[in-house]
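I have placed the structure first, in the form of structure tokens, so that the comments after it can refer back to it.
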Amino acid sequence: MSPPSDDDFRTHSPTDPIDDTPTVSCSRCGEEWDLSYELDELQLGNQSVEQFALDHRRHTGHFPDGVSPWVVSCRRCPDGEQFLSETSARRWARTHARHTRHEVSMDHADEDGVVIAPE
């Protein structure tokens, strides 16, 4: 094995800056957005995609491509919600079941549904 040369320890700077700004698309709207506003102005960081998806649904009535919410719905009354995280959906379901003594179903496009029963 040959000894290392000075070239082995040089750091090469990239010639083009890396653009790693996330993008979100919606086939129903026929649009694609980069999330530079959410990152730079709102400073949302890792929550930028989730916040954009929630705002998009609030303004259009549907989620952008690739976003499937957790849907929680009471089996006895008309209460229900949609959440992007399982943790939030499960917390809502448990709280509703505890306070109302109703069963709550939790469904997601990628998971089998579950029922949260009152304790």
Side-chain angles (χ1 to χ4, degrees):
M1 184 169 165
S2 62
S5 69
D6 288 341
D7 287 337
D8 293 333
F9 298 104
R10 279 197 194 136
T11 56
H12 300 282
S13 58
T15 56
D16 294 325
I18 297 172
D19 182 11
D20 59 353
T21 304
T23 59
V24 175
S25 62
C26 179
S27 56
R28 288 177 70 177
C29 295
E31 296 284 338
E32 181 175 284
W33 300 268
D34 75 39
L35 301 185
S36 57
Y37 176 77
E38 286 75 8
L39 291 170
D40 300 337
E41 298 296 320
L42 300 179
Q43 299 183 350
L44 294 173
N46 291 340
Q47 272 77 45
S48 62
V49 174
E50 182 174 350
Q51 189 59 55
F52 182 89
L54 291 169
D55 290 343
H56 187 75
R57 181 181 178 276
R58 195 173 297 121
H59 292 286
T60 65
H62 61 268
F63 285 104
D65 297 344
V67 176
S68 299
W70 284 88
V71 178
V72 290
S73 44
C74 181
R75 292 180 141 192
R76 258 178 87 189
C77 68
D79 281 348
E81 290 289 334
Q82 293 184 0
F83 298 92
L84 293 182
S85 81
E86 179 183 4
T87 304
S88 299
R90 192 169 294 280
R91 181 175 39 249
W92 188 95
R94 285 182 177 154
T95 301
H96 185 80
R98 184 175 64 243
H99 287 277
T100 62
R101 312 298 290 159
H102 297 170
E103 287 187 342
V104 177
S105 63
M106 282 182 49
D107 296 295
H108 190 269
D110 298 334
E111 303 282 332
D112 291 333
V114 297
V115 174
I116 306 297
E119 296 176 4

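Atom CD of Glu32 is separated from atom SG of Cys26 by 11.0 Å, given to the nearest 0.5 angstrom. Within the model, atoms CD of Glu31 and CG of Asp65 stand 11.5 Å from one another, a figure rounded to the nearest 0.5 Å. A distance of 12.5 Å separates CD in Glu81 from CZ in Arg91, rounded to the nearest 0.5 Å. For the atom pair NE2 of His99 and CZ of Arg94, the computed distance is 13.5 Å after rounding to the nearest 0.5 Å. Distance check, rounded to the nearest 0.5 Å: CG of Leu84 to CH2 of Trp70 gives 11.5 Å. For the atom pair OG1 (Thr100) and CZ (Arg75), the distance works out to 13.0 Å, reported to the nearest 0.5 Å.
Between His56 and His62, the ring-plane angle classifies as perpendicular under the 30° and 60° cut-offs.
What you find for Thr21 and Leu35 is that their closest heavy atoms are CG2-N, 3.7 Å. Scanning all heavy atoms of the two residues, the minimum distance from His102 to Cys77 falls at ND1-SG, 3.7 Å. Residues Ser48 and Leu39 share a closest heavy-atom pair of OG-CD2, 3.8 Å. In terms of heavy-atom proximity, Ala53 sits nearest to Phe63 at O-CD2, 3.6 Å. For Phe83 against Ala89, the heavy-atom pair with the smallest separation is CD1-CA, 3.5 Å. When all heavy atoms of Pro64 and Val24 are compared, the pair lying nearest together is CB-CG1, 3.5 Å.
Between the Asp79 side chain and the Cys74 main chain, no donor and acceptor come within less than 3.5 Å of each other. Put simply, the side chain of Arg101 gets close to the backbone of Glu119: a donor and an acceptor are under 3.5 Å apart. Between the side chain of His108 and the main chain of Ser68, a donor-acceptor pair closer than 3.5 Å is present.
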Exercise for review: Run the numbers on Glu111 and Glu86 for side-chain contact (heavy atoms from CB on, under 4.5 Å), then give the verdict.
Suggested key: CA-CA 10 Å; Glu111 303 282 332; Glu86 179 183 4; 5.8 Å; no

Exercise for review: Would you please test Val104 and Trp92 for side-chain contact (heavy atoms from CB on, under 4.5 Å) and show each step?
Suggested key: CA-CA 9 Å; Val104 177; Trp92 188 95; 4.0 Å; yes

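Proximity of Pro118 to Glu103: side-chain heavy atoms (C-beta onward) are separated by under 4.5 Å at one or more points.
Note on Val72 and Val115: separate hydrophobic clusters, where clusters join Ile, Leu, Val, Met, Phe, Trp and Tyr whose side-chain heavy atoms are under 4.5 Å apart, directly or indirectly.
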